[in-house]
Asker: 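The structure's right below; bear with me while I get my questions together.
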Amino acid sequence: MNLFADIRELVVAELEALMAEGVLPKGLDLAAVAVEPPRDKGHGDMATNAAMVLAKPAGMAPRAIADALAARLMEDPRIAGADVAGPGFLNLRLEPAAWQGLVRAVLEQGTGYGRSSMGGDRKVNVEFVSANPTGPMHVAHARGAVVGDALAALLDFAGYAVTREYYINDGGGQVDVLARSAYERYREAHGLSPEIAEGLYPGDYLIPVGQALKDKYGDSLLNRPESDWLADVRVFATDMMMAMIRDDLAALGVTMDVYSSEKALYGTGQIETAIERLRGLGLIYEGVLEPPKGKAPEDWEPREQTLFRSTDFGDDVDRPVKKSDGSWTYFAPDIAYHYNKVQRGFDELINIFGADHSGYVKRLKAVVSALSENKVSLDIKLIQLVKLLKGGQIVKMSKRAGTFVTLRDLIDEVGPDVVRFVMLTRKNDVALDFDFDKVTEQSKDNPVFYVQYANARVNSILRKARDAGLDVGDATLSAAHLAHLGHEAELEVIRKLGEWPRLVEIAAKGHEPHRVAFYLYELASDFHGLWNKGNDDDSLRFIQGDTAISAAKIALARAVGVVICAGLGILGVTPVEEMR
RNA sequence: GGCCCCGUAGCUCAGGGGAUAGAGCGGCCGCCUCCUAAGCGGCAGGUCGAUGGUUCGAAUCCAUCCGGGGUCACCA
């Protein structure tokens, strides 16, 4: 049930009727007609802009359209009032029964309330994290992981067929570096002193890898030239890193559907096929790039390379797909990978990248657009930095020294629920402060706590009611006589519940999971407000002397709890039933 | 220099064609015999970075500029 959508349908139907009757000219485009919550509560329950958007194409005064529409809308039993206001808004007031019925719908549909068929089962691929398999995940990965996972859940809720995918960058030079670093730890495991040369990974996390190598290979790799062990160690170390990353993701509550390997693309002809296809479109050529503008590197020299014509798509320069030695650049397998995603039949691709990849966006969009003949859309969400604060100080991380704050550190300190919720309290393209002191604080300063507290209060009501001998099963609550929910404070909470399906669609359309977190905060706020009004006005308390009245009020509380649980479910946060 | 992101209340941020621009924190004033006061209510606080443009209507869209951040040859 989506009350806003229902009323919009009504408005559209009445407009069509007016066209059929000749009151309005025929053939008006009604796509821009919206039914929304008004900004100011005093304006009623819902507002439509129909008269304003149709005034010009219809060649009529907004007021005339609004009056005609209002008269027809008033005949619907759900509509209690329709007033023209301002520049031509039509403000609608709904009968309380319409709102009250919403509570029943929520209880009947449970956490499925708000689910949308908007996606129409279109196949969406959300690629996220894709951290290099060379070490543990750190804070920046955590934000990408949470945003990607919540976005995937949101799209699923909005009716898309979603695949969560991780692209393993296991094909480049960085895995050789990993192998060499691990080899030194292997030597260390044999009692030799490791030589962690400049450029190798110094982190302690490779010590167990060295030990594991010893367990598997004994001393057979010692004192051998690199060519004898590099390939084996690379696979071994990469596998261990990926196992660790999967564990980290699991600790955060993230489960991928598909892991794709860059390395696996080599030698299959997929890269060549994708490049040739682009060449067939005239987008690949051999050429020499000009030196970079601005500060040119001192050792820059011109060289002939195979280039992708990304300037056709608004990029600054064309981009190399082959190095001057003839091997592929990172870009080439990425082209093949995205071609692969297109071929798997996805209708939409979404990539979650760190903001430092912003320069990569145009060429990748160009590739997907070219290889899919514009049929597949690619949206790239760039995740801005996370700044860690502790005691008012910035927690620095230095990858070079091998001492960085890992995802695991974060989870160990504040728990996965706090990490997830806090990471979703900002738009992806705004930098985020993660303040250890604040996120663990138990006050309304801390949105995680605030929302959880609202749900805990709902459960508290249910417990108390049960203790008082009331039946608070969903069946009983659904059957409650909801006309008892007539107070303005109660209707206000119900209206907020009514916005949930609409919010889901807006958030899904914009690929903006943070909207869910903000909505939950607002819902929690409305609920806390209602709760406290019970301090002044006994009739607003949830548990009443009269069983029938109690049932109605508890039904409302329960409905709030249901929607909070649904929202937290999308965010991947576990609802708590009791604060301790 | 090019490209990307940001600029909204003292602070941290929502809103991203529609009415008198919102929330939290901080400040001030109130509310616990009663379902958790870990909370709630109220007051004060704004030329939505600037200037032009599009529109019936702009914080929102476009252009230019000013601040802040990020990024910029075969790395991945």
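Quick note on labels: first sequence line is chain A, next is B, and so on, each numbered from 1. Scope of the values below: all heavy atoms of this structure, side chains included, with no hydrogens, waters or symmetry mates.
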Asker: Check every atom of B/rG39, B/rC31, B/rG2 against the side chain of A/Phe449 and return the nucleotide holding the closest atom.
Answerer: B/rG39

Asker: Starting at atom CD1 of A/Ile549, determine the distance to atom C1' of B/rC35, rounded to an integer number of angstrom.
Answerer: 16 Å

Asker: For a quick check of understanding: with a heavy-atom distance under 4.0 Å over all strands, which category does A/Arg457 fall into, base, sugar-phosphate or nothing?
Answerer: sugar-phosphate

Asker: NA contact type, A/Glu578, heavy-atom cut-off 4.0 Å: base, sugar-phosphate, or nothing?
Answerer: base

Asker: Determine the interplanar angle of the A/Phe353 and A/His357 rings, folded into 0 to 90°, and report it as parallel if under 30°, tilted if 30 to 60°, perpendicular if over 60°.
Answerer: tilted

Asker: Which part of the nucleic acid does A/Lys322 contact within heavy-atom distance under 4.0 Å: base, sugar-phosphate only, or nothing?
Answerer: nothing

Asker: Taking the side chain of A/Arg363 as heavy atoms from C-beta outward, which of B/rG39, B/rG2, B/rA76 is closest to it?
Answerer: B/rA76

Asker: Say you pick atom C1' in B/rU12 and the same atom in B/rG7; how far apart are they, in whole Å?
Answerer: 14 Å

Asker: Which nucleotide wins on minimum distance to the side chain of A/Arg515, given the candidates B/rA19, B/rA76, B/rG16?
Answerer: B/rG16

Asker: Report the distance from atom CD of A/Glu522 to atom P of B/rA23, rounded to the nearest whole Å.
Answerer: 10 Å

Asker: B/rG16 and B/rA59: how far apart are their P atoms, nearest whole angstrom?
Answerer: 14 Å

Asker: Expressed in angstrom and rounded to an integer, what is the separation of A/Glu36 atom CD from B/rG18 atom C1'?
Answerer: 8 Å

Asker: What do you reckon, do A/Phe89 and the base of B/rA19 stack, with centroid distance below 5.5 Å and planes below 30°?
Answerer: yes

Asker: May I ask whether A/His528 stacks on the base of B/rG39, given the cut-offs of 5.5 Å between ring centres and 30° between planes?
Answerer: no

Asker: To the nearest angstrom, how far is A/Asn446 atom CG from B/rU12 atom C1'?
Answerer: 14 Å

Asker: Look at all strands and tell whether A/Asn169 reaches a base, only sugar-phosphate, or nothing, counting heavy atoms closer than 4.0 Å.
Answerer: sugar-phosphate

Asker: Given the P atoms of B/rG2 and B/rG10, what is the spacing between them in whole Å?
Answerer: 33 Å

Asker: Give a yes or no on whether the backbone of A/Asp437 and the side-chain of A/Asp435 come within a donor-acceptor separation of less than 3.5 Å.
Answerer: yes

Asker: Ignoring hydrogens and angles, does a donor from either the side chain of A/Asp356 or the base of B/rG70 sit under 3.5 Å from an acceptor on the other?
Answerer: no

Asker: May I ask you to say what A/Asn91 touches in the nucleic acid, namely base, sugar-phosphate or nothing, with a heavy-atom cut-off under 4.0 Å?
Answerer: base

Asker: Using a cut-off of 4.0 Å on non-hydrogen atoms, how would the nucleic acid contact of A/Val53 be classed: base, sugar-phosphate, or nothing?
Answerer: base

Asker: Rounding to an integer number of angstrom, what distance separates B/rA21 and B/rC43 when you compare their P atoms?
Answerer: 15 Å

Asker: With nearest nucleotide decided by heavy atoms, which residue, A/Asp429 or A/Ala355, maps closer to the 5′ end of RNA chain B?
Answerer: A/Asp429

Asker: Please report whether the ring centroid of A/Phe421 lies less than 6.0 Å from that of A/Phe518.
Answerer: no

Asker: Atom pairs under 3.5 Å, N or O on each side, protein against nucleotides 57-62 of chain B: can you list them with distances?
Answerer:
unit_1, atom_1, unit_2, atom_2, d
B/rA59, N6, A/Arg39, NH2, 2.8

Asker: By nearest nucleotide on RNA chain B, pick out whichever of A/Leu289 and A/Leu540 is the more 5' one.
Answerer: A/Leu540

Asker: With heavy atoms under 4.0 Å as the rule, sort A/Asn535 into base, sugar-phosphate or nothing.
Answerer: base

Asker: Find out whether the Lys NZ or Arg CZ of A/Lys322 is both under 6.0 angstrom from the six-membered ring centre of A/Trp328 and within 45° of the ring's axis.
Answerer: yes

Asker: So which nucleotide from B/rC5, B/rG16, B/rC35 ends up closest to the side chain of A/Arg541?
Answerer: B/rC35

Asker: Are a donor atom and an acceptor atom from the side chains of A/Asp318 and A/Thr311 found within less than 3.5 Å of each other?
Answerer: yes

Asker: What distance, rounded to whole Å, do you find between the two P atoms, one in B/rA63 and one in B/rC4?
Answerer: 10 Å

Asker: Where do A/Leu151 and A/Glu512 come nearest, in terms of heavy atoms and distance?
Answerer: CD1-N, 4.5 Å

Asker: So if I take every side-chain heavy atom of A/Asn49 and compare against B/rC35, B/rG18, B/rG70, which nucleotide ends up nearest?
Answerer: B/rG18

Asker: More than 12 heavy atoms of other residues, nucleotides or ligands under 6.0 Å from CD of A/Glu304: is that the case?
Answerer: yes

Asker: Answer with base, sugar-phosphate or nothing: what part of the nucleic acid does A/Ala47 contact at a heavy-atom distance below 4.0 Å?
Answerer: base

Asker: Please check this pair: side chain of A/Ser525 against backbone of A/Tyr521, looking for a donor-acceptor N/O pair closer than 3.5 Å.
Answerer: no

Asker: Please determine, for the side chain of A/Phe518, which listed nucleotide (B/rC13, B/rA76, B/rC4) has the closest atom?
Answerer: B/rC13

Asker: Side-chain donor or acceptor of A/Asn532 under 3.5 Å from a matching atom on the base of B/rA37?
Answerer: no

Asker: Can you tell me which nucleotide in B/rC34, B/rC3, B/rC35 comes closest to the side chain of A/Lys362?
Answerer: B/rC3

Asker: Base, sugar-phosphate or nothing for A/Lys464? Non-hydrogen atoms, less than 4.0 Å.
Answerer: sugar-phosphate

Asker: NA contact type, A/Lys427, heavy-atom cut-off 4.0 Å: base, sugar-phosphate, or nothing?
Answerer: base

Asker: Sticking with atom C1', work out how far B/rG41 lies from B/rC48, rounded to a whole angstrom.
Answerer: 28 Å

Asker: Could you tell me whether A/Thr329 contacts a base, only the sugar-phosphate backbone, or nothing, with contacts defined as non-hydrogen atoms closer than 4.0 Å?
Answerer: sugar-phosphate

Asker: Does A/Phe331 have A/Arg319 sitting over its ring (NZ/CZ under 6.0 Å from centre, angle to axis within 45°)?
Answerer: no

Asker: Between A/Tyr167 and A/Tyr337, is the ring centre distance below 6.0 Å?
Answerer: yes

Asker: Within this structure, what is the CH2-to-C1' distance between A/Trp531 and B/rC34, rounded to whole angstrom?
Answerer: 11 Å

Asker: For the residue pair A/Arg515 / A/Tyr519, report whether a side-chain donor-acceptor contact shorter than 3.5 Å exists.
Answerer: no

Asker: Of the nucleotides B/rC56, B/rA14, B/rC35, which has the atom closest to the A/Ile543 side chain?
Answerer: B/rC35

Asker: Check the chi torsion on B/rC72 and let me know: syn if it falls within 90° of 0, anti if not.
Answerer: anti

Asker: Could you give the distance separating B/rC11 and B/rC72 at their C1' atoms, to the nearest angstrom?
Answerer: 34 Å

Asker: Does any donor atom in the side chain of A/Ser324 or A/Gln305 lie under 3.5 Å from an acceptor atom in the other side chain?
Answerer: no

Asker: Are the side chain of A/Arg143 and the backbone of A/Gln384 linked by a donor-acceptor contact shorter than 3.5 Å?
Answerer: yes

Asker: Does the side chain of A/Tyr450 get closer than 4.0 angstrom to OP1 or OP2 of B/rC40 through an N or O atom?
Answerer: yes

Asker: For a quick check of understanding: with a heavy-atom distance under 4.0 Å over all strands, which category does A/Phe331 fall into, base, sugar-phosphate or nothing?
Answerer: nothing

Asker: Does A/His514 reach a base, just sugar-phosphate, or nothing at all? Heavy atoms under 4.0 Å.
Answerer: sugar-phosphate

Asker: Angle between ring planes, A/Phe308 versus A/Phe313, binned at 30° and 60°: parallel, tilted or perpendicular?
Answerer: parallel

Asker: As a test of your reading of the structure, name each stem of RNA chain B as range with range, where a stem is three or more consecutive Watson-Crick or G-U pairs at under 3.5 Å.
Answerer: B:1-7 with B:66-72, B:10-13 with B:22-25, B:27-31 with B:39-43, B:49-53 with B:61-65

Asker: Under 4.0 angstrom, heavy atoms only, what part of the nucleic acid is A/Gly173 near: base, sugar-phosphate, or nothing?
Answerer: sugar-phosphate

Asker: Taking the same atom, P, in B/rA9 and in B/rG70, what whole-Å distance lies between them?
Answerer: 23 Å

Asker: Between B/rC31, B/rA19, B/rC34, which nucleotide has the shortest distance from any of its atoms to the side chain of A/Ala85?
Answerer: B/rA19

